[in-house]
Amino acid sequence: MCVCGGTCCIVGGGPAGMMLGYLLARAGIEVLVLEKHADFLRDFRGDTVHPSTLETMHELGVLEGFLKRPHQEVTHVRASIGGEPILLGNMSYLRTRCRFMALMPQWDFLDFLSEQGHRYPTFHVRMRTEVTGLIEENGRIMGIRGNTPSGSIEVRASLVVGADGRNSVVRDCSGLTIEDLGAPTDAFWMRLSKHPDDPQLFVVADGGKLLAMLDRGDYWQCGFPILKGSAKEVQRKSIEAFRAGIVGVAPFLQDRITELRDWNDLKLLTVKVNRLRQWYRPGLLCIGDAAHAMSPVGGIGINLAIQDAVAAANILAGPLREGTVSIGDLAKIQRRRAFPTRITQRLQEVLRKQVGRDVGKSRTARPPWPLRLLERTTLPCRIRTRFVGVGIRPEHVKTPDVYT
Ligand SMILES: Cc1cc2nc3c(=O)[nH]c(=O)nc-3n(C[C@H](O)[C@H](O)[C@H](O)COP(=O)(O)OP(=O)(O)OC[C@H]3O[C@@H](n4cnc5c(N)ncnc54)[C@H](O)[C@@H]3O)c2cc1C
């Protein structure tokens, strides 16, 4: 089956793809978003919607509706490291409209973006459509090939955008060169019920172990980093030993740790950190994790993906409308977003070293004394808050809503 994807075909209905689709459709451009899954319901997706993304929602005039969806608002991001309480972030320092981070399951966030996009007649989404290859003619990408439940599909478009995440098929088929920056950890992901008197901590680190905890109302979504490639070794030991590791770092979880009945209650997530040398080719652009896979540190990958989408829409809306997207337009997007990406990946690594440097080792992760002394001032907290909550070079929506 051959489908005309209109002007822009976006592969991947994650934060980057859905936001770009919504912005372009709002600007009157024909967009087709292809998503391989049937829905957005996957547990491994991050939940943190930072003030920069909330600012984007405000600029789009949909913030109020967004905040009506069930979510938790977090102003203070607290951690306990080697028994030492540390305020990792205090959003009230920010000068943004929302001085908090919203914790919302990502399927709700993506449903919301999809709902907003569907207000525009030029916004189209095809679920259960898995892209498997690119159509190339005379050195230019002309469209994609894929599979749907009713058979194979070809979509032709003036521009293909790879927003299909850190295992991007579009990127792999494009021949673009990726630079692997290496990630020292993978993570086990699990849920444990939440009790009203639990400490409100995002990170607990002790005894060489670390637990990241996302508040999902009645349960904690927990991430437990392990040394890269060591999952099989961890699983060879008993689930009891694994449970003991969790309780060792967060003793208040003792009374519910048996909710982890066996290894099926845990998901292994392999962490990748990389970036493309060049994000584009004639007829093709990669954004979000497809262009630069982000580590989970700071929970900023979603927001960076959103910022990419806003920048791409700002630069591409005009040329797409006129049917004249040049290689120069695509290069402009990389020039705008490569710097924040590089700095963010670098700073994530610094934060990882500060907070999780001893993961997998046997000693207690207590910060060194100069760091503890500095933490008594608000400076490190202000810097971290700005970096995580707003990011480097925040983008602003410049595309119009052509229907108002
Ligand atoms: C363990 C872990 C925890 C994390 N936690 C957080 C967090 O709490 N907060 C945060 O901000 N970031 C977090 N991140 C990073 C974050 O998940 C990513 O940076 C972010 O999701 C990138 O968005 P994206 O839209 O580029 O890609 P993705 O969110 O990966 O979306 C890509 C989409 O493309 C679809 N797709 C893939 N292949 C195809 C195909 N061939 N055809 C069609 N569709 C396809 C996928 O199904 C998916 O819907 C975490 C990362 C890891 C590894």
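Sequential numbering from 1 along the given sequence is applied to the chain's residues. Whatever order the structure lists them in is the order used to number ligands and atoms, beginning at 1.
Between Arg261 and Asp265 there is a salt bridge, since at least one side-chain N of the basic residue sits less than 4.0 Å from a carboxylate O of the acidic one. Note on Lys194 versus Asp218: no salt bridge recorded, every NZ/NE/NH1/NH2 to OD/OE distance being 4.0 Å or above.
Counting atoms of ligand 1 from 1 in the listed order, those under 4.0 Å from a heavy atom of Gly14 are 25 (O), 31 (O), 33 (C), 49 (O). Close approach of ligand 1 to Ile300 (heavy-atom distance below 4.0 Å) involves ligand atoms 10 (C), 11 (O). Annotation for ligand 1: atoms under 4.0 Å from non-hydrogen atoms of Ala16 are 25 (O), 26 (O). Counting atoms of ligand 1 from 1 in the listed order, those under 4.0 Å from a heavy atom of Gly299 are 7 (C), 9 (N), 10 (C), 11 (O), 12 (N). For ligand 1, the atoms sitting less than 4.0 Å from at least one non-hydrogen atom of Leu269 are 1 (C), numbered in the order shown with element in parentheses. In the vicinity of Glu130, heavy-atom distances shorter than 4.0 Å reach the ligand 1 atoms 41 (N), 42 (N). For ligand 1 and Asp47, the ligand atoms under 4.0 Å from any heavy atom of the residue are 8 (O). Within ligand 1, the atoms closer than 4.0 Å to a non-hydrogen atom of Ala163 are 32 (C), 33 (C), 34 (O), numbered from 1 in the order shown.
Other residues, nucleotides and ligands contribute over 12 non-hydrogen atoms within 6.0 Å of the CZ atom of Arg393.
Taking each of Thr185, Asp164, Val271 in turn, the one with a heavy atom nearest to atom 37 (C) of ligand 1 proves to be Asp164. The closest non-hydrogen atom to atom 52 (C) of ligand 1, taken over Pro296, Gly13, Ala290, comes from Pro296.
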Name the atoms and distances for all side-chain donor-acceptor pairs under 3.5 Å in residues 241-254, with sequence neighbours left out.
| residue | atom | partner | partner atom | Å |
| --- | --- | --- | --- | --- |
| Arg243 | NE | Leu260 | O | 3.0 |
| Arg243 | NH2 | Leu260 | O | 3.1 |

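Where the criterion is an N or O separation shorter than 3.5 Å, residue side chain and backbone included, Gln106 fails it with respect to ligand 1. Residue Asp289 has at least one nitrogen or oxygen atom sitting less than 3.5 Å from a nitrogen or oxygen atom of ligand 1, judged on distance alone. Every N/O-N/O distance between Ala305 and ligand 1 stays at or above 3.5 Å. Taking any N or O of Gly301, backbone or side chain, at least one lies under 3.5 Å from an N or O belonging to ligand 1.
Remark: of the listed residues Arg216, Gln221, Gln106, Gln72, Arg216 is the sole one forming a side-chain hydrogen bond (donor to acceptor under 3.5 Å, both in side chains) with Asp47.
For Arg166, the heavy-atom gap to ligand 1 drops under 4.0 angstrom. Distances shorter than 4.0 angstrom occur between a heavy atom of Pro15 and an atom of ligand 1. The shortest separation from a heavy atom of Thr129 to ligand 1 is under 4.0 Å, placing the residue in contact.
The proximity of Ile302 to ligand 1, defined as any non-hydrogen pair under 4.0 Å, involves the side chain as well as the backbone. Contact annotation: for Lys36 versus ligand 1, heavy atoms closer than 4.0 Å belong to both the backbone and the side chain. Counting heavy atoms under 4.0 Å from ligand 1, residue Thr132 does not touch it at all.
Checked by atom type and distance alone, the side chain of Thr53 never pairs as donor or acceptor with a backbone atom of Asn303 at under 3.5 Å. Side-chain atoms of Asn314 come within 3.5 Å of backbone atoms of His396 as a donor-acceptor pair (strictly under, hydrogens ignored). Using a distance-only test at 3.5 Å, with no hydrogens or angles considered, a donor-acceptor pair links the side chain of Gln345 to the main chain of Asn274. Using modelled atom types, one side-chain atom of Arg321 and one backbone atom of Ala27 make a donor-acceptor pair closer than 3.5 Å.
Counting all heavy atoms, side chain and backbone alike, Leu268 lies closest to Asp186 at CD1-CB, 4.2 Å.
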